[in-house]
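Each remark here refers to the structure printed beneath this line.
Whatever order the structure lists them in is the order used to number ligands and atoms, beginning at 1.
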Amino acid sequence: MGPPGAGKGTQAKRLAERFGMAHLSSGDIFRAEEASGSDLGAKLAEYMEAGQLVPDDIVVEVMARAIAGCDAPGLLLDGFPRTVPQAEALDAQLDRAGTPLDAVAVIGADDEAIVERITGRRSCPQCGRIYHVKFLLPENDELCDDCRVGLVQRDDDTEAVVRQRLEAYYEQTEPVIAYYHRRDRAKVLEIDGNGPPDEVTAALADAVTALGR
Ligand code: AP5
(Lines give C-alpha, C1' and ligand atoms only; values in the text may rest on other atoms or scores of the structure.)
Protein backbone atom coordinates (compact mmCIF):
# COMPACT_ATOMS: atom_id res chain seq x y z
CA MET A 1 0.00 0.00 0.00
CA GLY A 2 0.96 3.65 -0.29
CA PRO A 3 0.02 6.86 -2.09
CA PRO A 4 0.42 7.18 -5.88
CA GLY A 5 4.11 7.37 -6.73
CA ALA A 6 5.28 6.04 -3.35
CA GLY A 7 7.08 3.29 -5.27
CA LYS A 8 4.62 0.40 -4.92
CA GLY A 9 5.10 -0.90 -8.48
CA THR A 10 8.89 -0.42 -8.47
CA GLN A 11 9.32 -2.17 -5.13
CA ALA A 12 6.70 -4.89 -5.71
CA LYS A 13 8.52 -6.09 -8.85
CA ARG A 14 11.82 -6.26 -6.97
CA LEU A 15 10.37 -8.02 -3.90
CA ALA A 16 8.37 -10.53 -5.92
CA GLU A 17 11.54 -11.49 -7.79
CA ARG A 18 13.65 -11.69 -4.66
CA PHE A 19 11.18 -13.77 -2.62
CA GLY A 20 9.76 -15.86 -5.50
CA MET A 21 6.22 -14.48 -5.25
CA ALA A 22 3.70 -13.71 -7.96
CA HIS A 23 2.96 -9.96 -8.34
CA LEU A 24 -0.59 -8.76 -9.02
CA SER A 25 -1.04 -5.02 -9.58
CA SER A 26 -4.65 -3.81 -9.73
CA GLY A 27 -3.60 -0.79 -11.83
CA ASP A 28 -1.71 -2.99 -14.33
CA ILE A 29 -4.67 -5.39 -14.57
CA PHE A 30 -7.05 -2.46 -15.22
CA ARG A 31 -4.74 -0.92 -17.85
CA ALA A 32 -4.44 -4.30 -19.62
CA GLU A 33 -8.25 -4.54 -19.64
CA GLU A 34 -8.40 -1.02 -21.12
CA ALA A 35 -5.85 -1.97 -23.81
CA SER A 36 -7.98 -5.02 -24.74
CA GLY A 37 -10.68 -2.62 -25.97
CA SER A 38 -13.45 -4.25 -23.87
CA ASP A 39 -16.49 -2.39 -22.47
CA LEU A 40 -15.19 -3.06 -18.97
CA GLY A 41 -11.83 -1.54 -19.95
CA ALA A 42 -13.54 1.61 -21.24
CA LYS A 43 -15.43 1.96 -17.95
CA LEU A 44 -12.23 1.48 -15.89
CA ALA A 45 -10.42 4.11 -17.99
CA GLU A 46 -13.04 6.75 -17.15
CA TYR A 47 -12.27 6.45 -13.43
CA MET A 48 -8.50 6.15 -13.86
CA GLU A 49 -8.22 9.20 -16.12
CA ALA A 50 -10.23 11.25 -13.61
CA GLY A 51 -7.95 10.14 -10.74
CA GLN A 52 -10.89 8.51 -8.97
CA LEU A 53 -11.10 5.06 -7.46
CA VAL A 54 -12.93 2.43 -9.48
CA PRO A 55 -16.15 1.35 -7.65
CA ASP A 56 -15.67 -1.46 -5.13
CA ASP A 57 -18.02 -3.98 -6.78
CA ILE A 58 -16.02 -3.89 -10.04
CA VAL A 59 -12.63 -3.98 -8.28
CA VAL A 60 -13.57 -6.87 -6.01
CA GLU A 61 -14.89 -8.97 -8.88
CA VAL A 62 -11.84 -8.39 -11.11
CA MET A 63 -9.30 -8.91 -8.32
CA ALA A 64 -11.04 -11.98 -6.85
CA ARG A 65 -10.81 -13.62 -10.27
CA ALA A 66 -7.13 -12.69 -10.66
CA ILE A 67 -6.25 -13.95 -7.15
CA ALA A 68 -8.16 -17.20 -7.62
CA GLY A 69 -6.28 -17.79 -10.88
CA CYS A 70 -2.88 -17.45 -9.19
CA ASP A 71 -1.23 -20.70 -8.11
CA ALA A 72 2.20 -19.39 -7.05
CA PRO A 73 3.39 -20.31 -3.52
CA GLY A 74 3.29 -16.63 -2.48
CA LEU A 75 1.38 -13.61 -3.72
CA LEU A 76 2.20 -9.92 -3.51
CA LEU A 77 -0.80 -7.62 -4.05
CA ASP A 78 0.02 -4.11 -5.29
CA GLY A 79 -2.70 -1.43 -5.15
CA PHE A 80 -5.41 -3.71 -3.75
CA PRO A 81 -7.21 -3.42 -1.37
CA ARG A 82 -7.68 0.34 -1.46
CA THR A 83 -10.91 0.78 0.56
CA VAL A 84 -12.21 -0.87 3.72
CA PRO A 85 -14.94 -2.82 1.83
CA GLN A 86 -12.22 -4.16 -0.52
CA ALA A 87 -10.12 -5.23 2.50
CA GLU A 88 -13.13 -7.02 3.98
CA ALA A 89 -13.81 -8.81 0.69
CA LEU A 90 -10.15 -9.88 0.48
CA ASP A 91 -10.21 -11.19 4.06
CA ALA A 92 -13.32 -13.23 3.27
CA GLN A 93 -11.76 -14.68 0.10
CA LEU A 94 -8.49 -15.56 1.86
CA ASP A 95 -10.38 -17.11 4.79
CA ARG A 96 -12.37 -19.30 2.41
CA ALA A 97 -9.15 -20.37 0.68
CA GLY A 98 -7.33 -20.93 4.02
CA THR A 99 -4.45 -18.69 2.90
CA PRO A 100 -3.83 -15.96 5.50
CA LEU A 101 -2.40 -12.53 4.80
CA ASP A 102 1.08 -12.38 6.36
CA ALA A 103 1.82 -8.67 6.18
CA VAL A 104 0.72 -5.31 4.87
CA ALA A 105 3.60 -3.10 3.71
CA VAL A 106 2.82 0.62 3.66
CA ILE A 107 5.29 2.79 1.75
CA GLY A 108 5.07 6.49 2.68
CA ALA A 109 6.34 9.48 0.65
CA ASP A 110 5.88 13.27 0.77
CA ASP A 111 3.27 14.84 -1.53
CA GLU A 112 5.67 17.13 -3.45
CA ALA A 113 8.13 14.28 -4.07
CA ILE A 114 5.18 12.24 -5.34
CA VAL A 115 4.16 14.90 -7.87
CA GLU A 116 7.74 15.03 -9.23
CA ARG A 117 7.95 11.24 -9.40
CA ILE A 118 4.61 10.77 -11.13
CA THR A 119 5.01 13.48 -13.75
CA GLY A 120 8.50 12.12 -14.63
CA ARG A 121 7.50 8.45 -14.77
CA ARG A 122 7.94 6.46 -17.99
CA SER A 123 7.26 2.75 -18.45
CA CYS A 124 7.80 -0.01 -20.97
CA PRO A 125 4.54 -0.88 -22.79
CA GLN A 126 5.83 -4.44 -23.29
CA CYS A 127 7.20 -5.63 -19.91
CA GLY A 128 5.90 -2.88 -17.60
CA ARG A 129 9.36 -1.97 -16.24
CA ILE A 130 9.23 1.47 -14.61
CA TYR A 131 11.70 4.33 -15.20
CA HIS A 132 11.94 8.01 -14.29
CA VAL A 133 13.32 10.86 -16.41
CA LYS A 134 15.51 11.99 -13.47
CA PHE A 135 15.71 9.22 -10.84
CA LEU A 136 15.74 5.95 -12.81
CA LEU A 137 16.99 6.57 -16.33
CA PRO A 138 17.10 3.84 -19.01
CA GLU A 139 20.56 3.09 -20.47
CA ASN A 140 19.44 4.39 -23.88
CA ASP A 141 17.35 7.51 -24.09
CA GLU A 142 13.62 6.61 -23.96
CA LEU A 143 14.12 2.85 -24.71
CA CYS A 144 13.46 -0.05 -22.30
CA ASP A 145 16.76 -1.67 -21.21
CA ASP A 146 15.24 -5.15 -21.56
CA CYS A 147 12.82 -4.92 -24.51
CA ARG A 148 14.37 -2.04 -26.51
CA VAL A 149 10.92 -0.57 -27.20
CA GLY A 150 10.03 3.10 -26.73
CA LEU A 151 8.92 4.12 -23.22
CA VAL A 152 5.48 5.65 -22.69
CA GLN A 153 3.79 7.97 -20.20
CA ARG A 154 0.50 7.02 -18.51
CA ASP A 155 -2.60 9.10 -19.32
CA ASP A 156 -3.25 9.70 -15.59
CA ASP A 157 0.29 10.95 -14.86
CA THR A 158 -0.44 14.68 -15.10
CA GLU A 159 -0.08 17.00 -12.10
CA ALA A 160 -3.85 17.73 -11.92
CA VAL A 161 -4.76 14.04 -11.96
CA VAL A 162 -2.09 13.05 -9.44
CA ARG A 163 -3.40 15.65 -6.97
CA GLN A 164 -6.86 14.10 -7.36
CA ARG A 165 -5.38 10.61 -6.82
CA LEU A 166 -3.67 11.84 -3.65
CA GLU A 167 -6.98 13.17 -2.35
CA ALA A 168 -8.64 9.79 -3.04
CA TYR A 169 -5.76 8.09 -1.21
CA TYR A 170 -6.05 10.18 1.97
CA GLU A 171 -9.85 9.95 2.06
CA GLN A 172 -10.48 6.35 1.03
CA THR A 173 -7.26 4.34 1.33
CA GLU A 174 -5.57 5.59 4.51
CA PRO A 175 -8.45 4.15 6.62
CA VAL A 176 -7.44 0.70 5.35
CA ILE A 177 -4.17 0.98 7.34
CA ALA A 178 -6.17 1.57 10.54
CA TYR A 179 -8.39 -1.37 9.55
CA TYR A 180 -5.38 -3.70 9.44
CA HIS A 181 -4.02 -2.36 12.75
CA ARG A 182 -7.45 -2.96 14.33
CA ARG A 183 -7.90 -6.43 12.85
CA ASP A 184 -4.50 -7.49 14.17
CA ARG A 185 -4.38 -10.35 11.65
CA ALA A 186 -1.47 -9.28 9.49
CA LYS A 187 1.69 -7.47 10.55
CA VAL A 188 1.72 -3.85 9.32
CA LEU A 189 5.18 -2.83 8.03
CA GLU A 190 5.57 0.96 7.79
CA ILE A 191 8.39 1.80 5.34
CA ASP A 192 9.83 5.26 4.59
CA GLY A 193 9.71 5.60 0.78
CA ASN A 194 11.41 9.00 0.56
CA GLY A 195 14.95 7.65 0.14
CA PRO A 196 16.55 6.31 -3.06
CA PRO A 197 14.91 3.17 -4.57
CA ASP A 198 17.69 0.77 -3.42
CA GLU A 199 17.42 2.03 0.16
CA VAL A 200 13.66 1.44 0.14
CA THR A 201 14.15 -2.06 -1.32
CA ALA A 202 16.65 -2.91 1.44
CA ALA A 203 14.26 -1.71 4.19
CA LEU A 204 11.38 -3.70 2.70
CA ALA A 205 13.45 -6.84 2.19
CA ASP A 206 14.69 -6.68 5.81
CA ALA A 207 11.13 -6.27 7.09
CA VAL A 208 9.87 -9.19 4.98
CA THR A 209 12.80 -11.40 6.01
CA ALA A 210 12.08 -10.61 9.68
CA LEU A 211 8.60 -12.09 9.23
CA GLY A 212 10.37 -15.45 9.07
CA ARG A 213 8.17 -16.90 6.34
P1 AP5 B 1 -2.20 2.34 -9.83
O2 AP5 B 1 -1.63 1.93 -11.12
O3 AP5 B 1 -2.13 1.43 -8.68
O4 AP5 B 1 -1.61 3.77 -9.49
P5 AP5 B 1 -1.24 4.48 -8.10
O6 AP5 B 1 -1.70 3.86 -6.85
O7 AP5 B 1 -1.65 5.89 -8.32
O8 AP5 B 1 0.23 4.21 -7.99
P9 AP5 B 1 1.28 4.44 -9.10
O10 AP5 B 1 1.35 3.25 -10.01
O11 AP5 B 1 1.08 5.77 -9.74
O12 AP5 B 1 2.60 4.60 -8.25
P13 AP5 B 1 3.53 3.55 -7.52
O14 AP5 B 1 3.41 3.71 -6.05
O15 AP5 B 1 3.37 2.17 -8.08
O16 AP5 B 1 4.94 4.17 -7.93
P17 AP5 B 1 6.05 3.69 -8.99
O18 AP5 B 1 6.80 2.54 -8.42
O19 AP5 B 1 5.46 3.52 -10.35
O20 AP5 B 1 -3.75 2.73 -10.03
C21 AP5 B 1 -4.14 3.57 -11.11
C22 AP5 B 1 -5.63 3.84 -11.02
O23 AP5 B 1 -6.35 2.58 -11.09
C24 AP5 B 1 -6.12 4.46 -9.71
O25 AP5 B 1 -6.00 5.88 -9.74
C26 AP5 B 1 -7.59 4.01 -9.69
O27 AP5 B 1 -8.37 4.76 -10.58
C28 AP5 B 1 -7.50 2.59 -10.25
N29 AP5 B 1 -7.30 1.57 -9.20
C30 AP5 B 1 -6.24 0.74 -9.05
N31 AP5 B 1 -6.42 -0.08 -8.00
C32 AP5 B 1 -7.64 0.23 -7.48
C33 AP5 B 1 -8.37 -0.26 -6.36
N34 AP5 B 1 -7.89 -1.26 -5.58
N35 AP5 B 1 -9.57 0.31 -6.09
C36 AP5 B 1 -10.08 1.31 -6.88
N37 AP5 B 1 -9.42 1.82 -7.95
C38 AP5 B 1 -8.20 1.29 -8.23
O39 AP5 B 1 6.99 4.98 -8.96
C40 AP5 B 1 6.56 6.22 -9.49
C41 AP5 B 1 7.75 6.93 -10.18
O42 AP5 B 1 8.71 7.29 -9.18
C43 AP5 B 1 8.51 6.06 -11.19
O44 AP5 B 1 8.93 6.84 -12.26
C45 AP5 B 1 9.71 5.52 -10.40
O46 AP5 B 1 10.82 5.31 -11.24
C47 AP5 B 1 9.96 6.67 -9.43
N48 AP5 B 1 10.41 6.20 -8.12
C49 AP5 B 1 9.97 5.10 -7.43
N50 AP5 B 1 10.59 5.01 -6.24
C51 AP5 B 1 11.44 6.06 -6.17
C52 AP5 B 1 12.34 6.53 -5.18
N53 AP5 B 1 12.52 5.87 -4.02
N54 AP5 B 1 13.03 7.67 -5.43
C55 AP5 B 1 12.85 8.37 -6.60
N56 AP5 B 1 12.03 7.96 -7.59
C57 AP5 B 1 11.32 6.83 -7.37
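The shortest contact between atom 49 (C) of ligand 1 and any protein heavy atom is with T10 OG1, 3.7 Å. Atom 37 (N) of ligand 1 has as its closest protein heavy atom V54 N, 3.0 Å. Taking atom 38 (C) of ligand 1 as the reference point, the nearest protein heavy-atom neighbour is F30 CE1, 3.7 Å. Protein heavy atom nearest atom 15 (O) of ligand 1, with residue, atom name and distance: G9 N, 2.8 Å. When only non-hydrogen protein atoms are considered, atom 56 (N) of ligand 1 lies nearest to F135 CD1, 3.4 Å. Ranking protein heavy atoms by distance to atom 43 (C) of ligand 1, first place goes to I130 CG2, 3.5 Å. Taking atom 16 (O) of ligand 1 as the reference point, the nearest protein heavy-atom neighbour is G7 N, 3.3 Å.
Distances from atom 31 (N) of ligand 1 to the heavy atoms of G193, G120, G128, S26 show the closest one on S26. Nearest-heavy-atom check against atom 41 (C) of ligand 1 across R117, Q52, E116, K13 picks out R117. Looking at Q153, Q11, H132, it is H132 that brings a heavy atom closest to atom 47 (C) of ligand 1. For atom 35 (N) of ligand 1, the candidate residues are Q86, M63, E46; the nearest heavy-atom contact is made by Q86. When R122, R82, R121 are ranked by how near their heavy atoms come to atom 9 (P) of ligand 1, first place goes to R121. With E49, K8, R31, R165 as candidates, the residue nearest to atom 2 (O) of ligand 1 on a non-hydrogen basis is R31.
To the nearest 0.5 angstrom, R121 atom CZ is 7.0 Å from D156 atom CG. One finds the CD1 atom of I130 at 8.0 Å from the CZ atom of R154 (value rounded to the nearest 0.5 Å). Of the inter-residue distances, the one linking L77 atom CG with L90 atom CG reads 6.0 Å to the nearest 0.5 angstrom.
At least one heavy atom of R154 sits closer than 4.0 Å to an atom of ligand 1. Residue A113 places no heavy atom under 4.0 Å from ligand 1. Proximity of G2 to ligand 1 is not established, as no heavy-atom distance is less than 4.0 Å. Using a non-hydrogen distance threshold of 4.0 Å, G195 registers as a contact of ligand 1. Ligand 1 lies out of reach of G51, whose nearest heavy atom is not under 4.0 Å from it. A heavy-atom separation below 4.0 Å is not found between P81 and ligand 1.
Contact annotation: for S123 versus ligand 1, there are no heavy atoms closer than 4.0 Å. Counting heavy atoms under 4.0 Å from ligand 1, residue Y169 does not touch it at all. Only backbone heavy atoms of P3 (N, CA, C or O) come within less than 4.0 Å of ligand 1; its side chain stays farther off. Under 4.0 Å from ligand 1, the heavy atoms of I118 that appear belong solely to its side chain.
Between D28 and ligand 1, no N or O atom pair is found at a separation short of 3.5 Å.
We find that E61 and R65 are joined by a salt bridge, their nearest charged nitrogen and carboxylate oxygen being less than 4.0 Å apart.
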